[in-house]
Amino acid sequence: MYTATSPRVNRVGSTRTAQLLIGAFLLVNLVIIELMFARTANTAHNTLGSVGRFLGLHLGFVMAVQVLLIARLPFFERRIGMDKLTNWHRWTGFTVFWLVVLHPTFVLLGFAELDQISFLAEIPNLAGQMPVLLGMIAAGLVGVMAVTSVRAARRHLSYEAWHAIHLVVYVMLALAVIHQVYEGSSFNSSTLTRVYWWGLWASAIVALLTNRLFVPLVRNARHQLRVVAVVPETSEAVSVYVGGRGLERLRARPGQFFWWRFPGYTSWWQVNPWSLSAAPDGRTLRLTAKAIGSTSAGLRQLPVGTRVYVEGPYGALTTIRRTRRDTVLIAGGIGITPIRALLEDPKLAGDIVLLYRARTAAEAVLIGELRNLAHQRGARLHLLTGRTSRENQPFSPEGLRGLVPDIAERDVYMCGPAPMADAVLSSLRALRVPAHQRHIEAFRLGV
C-alpha cells in the first residue's frame, strides 16, 4: 500500500545555485586568463604567433573544464542532471576540437613567417621538438574523438565501440599536460600564474580520479555486488537482479542509473549506463535492458554469481526535483525503466498520469508491472502504440493537451530516445510548462 506524502517545495533554488556557481567559475577564470595573456602578449614573435598563444591558453582552460565534466561531480550532477551535463560535454568537446585546429595553425603560420618558409615546411621543423610532437599527437586524438562524435558517424558505431574509442581521451590528456609543461609561456611567466594554472589542472585531475576511480573502487569493495537472477521480460528485453552487502548505503533513488560492468564476463572497458527499473529496497538492484549493443544483447546469458562493478548512482530524474502535487510520467521504449521505478516511489504523491510510447503492445517492456502499479497508485496509464503519422502524434502539443489537459499544472518526468525527448520538450514549451517543472533525460552518448 502506498502512502501519499505532501510535496515538498522543490530545490529549484539548488539547481539555479549550481548553474550560478558554474557561470561564476567560468567568468572568473576567463577574466584571469585574459589578464595572463595581456601580460605576455608582447613577447610573441609576431601577430600570428600571438593569436596562436591566445588560442592555446583558452584551449588549455576549456580542456580543464572538459576534465571536470568527465569527472561527473556529484554536486552538479544531482542538481543539473546527467542529460544536460552530457550535452555540455558534447559541445565543450567540439569547442576543444576547433581550438585544437586553430591553435597549431596560427602557431605554425607565425613561425613560418618568422623563418620565411612555407606553412607545410614549418611542420617538420616544429615536430622535431618532442613537446610539440606530443601536442600534435594529442591534437590528432582529439580529431578522432570529434569525428566519431558526429551524429552521422555515431549511427554506424555500437555504443561499446564508441566508448572504447573515447577512452583515448585519457592518453590525450596526459600528452596535453606534458605539452603544456614545456610550451606554456603565458602561465609560466610568474610564480603566481604557475600556481593558478597548475592548481586549476590539479583540481580537475584530482576530481576525475576521485569520482571515476577511487570512490567506485571503495564502494564496490564494500558492497561486493553479484548477479542473483536474470529474468527475460520480452523477446528483446531482460532484467538483471544484483545483490550485495549494505546496498542501502548506496543511497540510490528511483529514477537514477548506474554505469555497469561485469568483470570476467565482458571486457573491462565495456561499460553501459542502465537505469534502475525498480525502486531500490536495500537488498537488490534491478536493471532492465533491451538488446541493442553487444553487451546488452549478452545479458540474457549472464551467469548467476557474476561479479558486478558499478559507478553511481547518477541522475536527477528523481522526486527531489518535484515542484507540483500532480505528475505526468512520459516514457519511450526502454526509457520506461526509470519511469517505472519512479511510479513505485511513495514520495510521488497526487494524481499521476503515465504515457508509455512503444511500437507495439508486445514490445512494451514491464507492461504487466506498470498496470499493477498504476492500479495500486490510482494512476492513469496510456499505452501509445503505432507509427507516428499525421493522425498519430501523441507528443504534439495537441496530443499532450488531449491526454493531459492540465499538463501545465504538473511536474513532467520524461525518459526516452533523444529525438522523442526533443519533440516532447518542444511541445512542453509550446504548452507553457515552466522549465522547473520539466525533468527530462534522453539517451545520449557520453563519456
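Positions are given from 1, in the same order as the sequence printed here.
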[Y] and [X] side chains, donor-acceptor separation under 3.5 Å:
X: E311; Y: W260; result: no
X: S239; Y: E233; result: yes
X: T327; Y: D411; result: no
X: R79; Y: T15; result: no
X: Q437; Y: R410; result: no
X: H439; Y: T318; result: no
X: S190; Y: T193; result: yes

With a 3.5 Å distance limit and no angle check, can you tell me whether [X] reaches the backbone of [Y] through a side-chain donor-acceptor pair?
X: Y241; Y: L287; value: no
X: H223; Y: R245; value: yes
X: R253; Y: A316; value: no

- Message: Distance to the ring centre below 6.0 angstrom and angle to the axis at most 45 degrees; does that hold for R39 and F37?
- Response: no
- Message: Are the side chains of I339 and Y356 in contact, using a 4.5 Å heavy-atom criterion?
- Response: no
- Would you indicate whether the side-chain heavy atoms of M63 and V67 approach each other to under 4.5 Å? no
With sequence neighbours left out, what residues match [X] under salt bridge (Lys or Arg N to Asp or Glu O under 4.0 Å)?
X: R283; value: D281
X: E34; value: none
X: R78; value: none

- Message: Check the orientation of W274 and F262. Use parallel for under 30°, tilted for 30 to 60°, and perpendicular for over 60°.
- Response: tilted
